[in-house]
There are 2 protein chains.
Amino acid sequence: MYSTELLKGTLKTILLKLLANQGKMYGYEITQQVKLLTADKIQLTEGALYPTLHKLEADGLVTSEKVSIGKRVRKYYLLTPKGKTATTDKVNEFFDFVKTLQLLLDPDLSR
Amino acid sequence: MYSTELLKGTLKTILLKLLANQGKMYGYEITQQVKLLTADKIQLTEGALYPTLHKLEADGLVTSEKVSIGKRVRKYYLLTPKGKTATTDKVNEFFDFVKTLQLLLDPDLSR
DNA sequence: CAAATATACATAAGATTCTTAAGTATTTGC
DNA sequence: GCAAATACTTAAGAATCTTATGTATATTTG
């Protein structure tokens with residue numbers, strides 16, 4: 001587990017990219033996928049996840065559809081066209097940022 | 001320039017590593033170095049920088065010494081032993097985090 | 001030489017984003 | 001049947017950033 005201050009600023013990017021890869025996902029599924037894919041190193045908390053999903057929806061990057069499973073309701077999220085563009089932009093920006101940070105944090109690698 | 005939410009969580013790491021590389025630096029010098037080394041892509045704001053330096057000092061990771069330049073006073077910061085350990089830890093943690101995020105953001109690279 | 005720009009630090013108000021916590025309810029496994 | 005897992009929501013508080021303001025000295029430039 002990381003000192004989660006690192007997660008700040010990358011949560012939206014993670015969510016968008018997962019949706020881009022998987023088509024559609026619901027909140028709980030996202031937490032499990034992230035836990036699995038990162039070998040427990042990143043564990044999303046509900047208090048961060050759900051408000052962020054709502055924000056993405058409010059910003060028009062995702063839409064949601066409710067699906068009843070028995071008496072329970074799952075809320076699936078999927079990317080809008082605007083969301084697809086945003087995903088590419090944000091992922092690129094992240095890797096660019098990392099490259100830039102390497103100039104500061106690891107001068108040997110950037111020679 | 002990046003959507004600065006990415007900077008969150010990495011500012012302390014940047015400051016510590018710069019001090020580790022350069023021995024000692026003062027605030028304004030840090031802003032200029034970062035601007036230069038990142039080709040203007042990262043520009044630290046004073047409102048973020050100075051409180052963070054104060055925090056690092058309060059946490060015992062750096063000490064400061066004031067140096068008079070004419071009538072003006074520069075405040076140099078330098079790492080404590082505790083700060084040196086923290087620098088290594090934080091830089092390692094950052095690169096580990098990036099590696100983990102690649103599992104999520106760029107599945108092709110992690111095969 | 002006056003005005004603009006650069007150097008240098010500090011801090012407060014507000015915004016954003018996270019953690020922690022509490023609440024509600026259904027389903028599965030033992 | 002009871003614990004754990006599934007599933008979503010929201011509120012209070014903490015942390016970290018931006019924007020803005022304040023103060024002051026030094027240098028550059030027209």
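Sequence lines set the chain letters: A, B, ... in the order given, protein chains first and strands last, and positions in each chain run from 1. Quick caveat: nothing in here was measured; it's all calculated off a predicted structure.
- Sorted by first and then second residue, the salt bridge (charged side-chain N to carboxylate O under 4.0 Å, His left out) pairs involving residues 60-83 of chain B (not counting sequence neighbours) are B/Lys24-B/Glu65.
- Qualifying side-chain contact (heavy atoms from CB on, under 4.5 Å) partners for B/Thr63, counting only residues two or more places apart in sequence or in other chains: B/Leu78, B/Thr80.
- Every ring-ring contact (aromatic ring centres under 6.0 Å, His included) that A/Tyr26 has, sequence neighbours left out, goes to A/Tyr76.
- A/Thr38 is linked by a side-chain contact (heavy atoms from CB on, under 4.5 Å) to A/Val34, A/Lys41, A/Ile42, B/Thr100, B/Leu104, counting only residues two or more places apart in sequence or in another chain.
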Where do N or O atoms of nucleotides 12-14 of chain D meet protein N or O atoms at under 3.5 Å, pair by pair?
none

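- Note: OH (B/Tyr28) to C1' (D/dA24) measures 14 Å, nearest angstrom.
- For A/Lys12, whose side chain is taken as the heavy atoms from C-beta onward, the closest listed nucleotide among C/dC18, C/dC9, C/dT17 is C/dT17.
- Look at CD1 on B/Ile42: it is 14 Å from C1' on D/dC17, rounded to the nearest Å.
- The side-chain hydrogen bond (donor to acceptor under 3.5 Å, both in side chains) check on A/Gln22 picks up A/Gln33, with sequence neighbours excluded.
- Across residues 45-55 of chain B, B/Thr45, B/Gly47, B/Ala48, B/Thr52 each have a non-hydrogen atom less than 4.0 Å from an atom of DNA chain D (numbered order).
- Sorted by first and then second residue, the ring pair (Phe, Tyr, Trp, His ring centres under 6.0 Å) pairs involving residues 31-75 of chain B (not counting sequence neighbours) form an empty list.
- Rounded to whole angstrom, the span from the CD atom of A/Gln43 across to the P atom of D/dA5 amounts to 13 Å.
- Axis angle, first five pairs versus last five pairs of the helix from C/dC1-D/dG30 to C/dC30-D/dG1: 30°, rounded to 10°.
- For A/Glu57, the side-chain hydrogen bond (donor to acceptor under 3.5 Å, both in side chains) test picks out A/Ser64, with sequence neighbours left out.
- Proximity of a side-chain donor or acceptor of B/Asp96 to a complementary backbone N or O of B/Asn92 within less than 3.5 Å is not detected.
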With the sugar-phosphate defined as primed atoms, P, OP1 and OP2, and the base as all remaining atoms, what B/S/- string results for nucleotides 24-30 of chain C, 5' to 3', for protein heavy atoms under 4.0 Å?
-> --BS---
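- To the nearest angstrom, C1' of C/dT7 lies 15 Å from CE of B/Met25.
- The salt bridge (charged side-chain N to carboxylate O under 4.0 Å, His left out) test applied to A/Lys55 returns A/Asp59, not counting sequence neighbours.
- One atom, CZ of B/Arg74, and another, P of C/dA10, lie 14 Å apart when rounded to the nearest Å.
- The CG-P distance, from A/Leu44 to C/dT20, rounds to 14 Å in whole Å.
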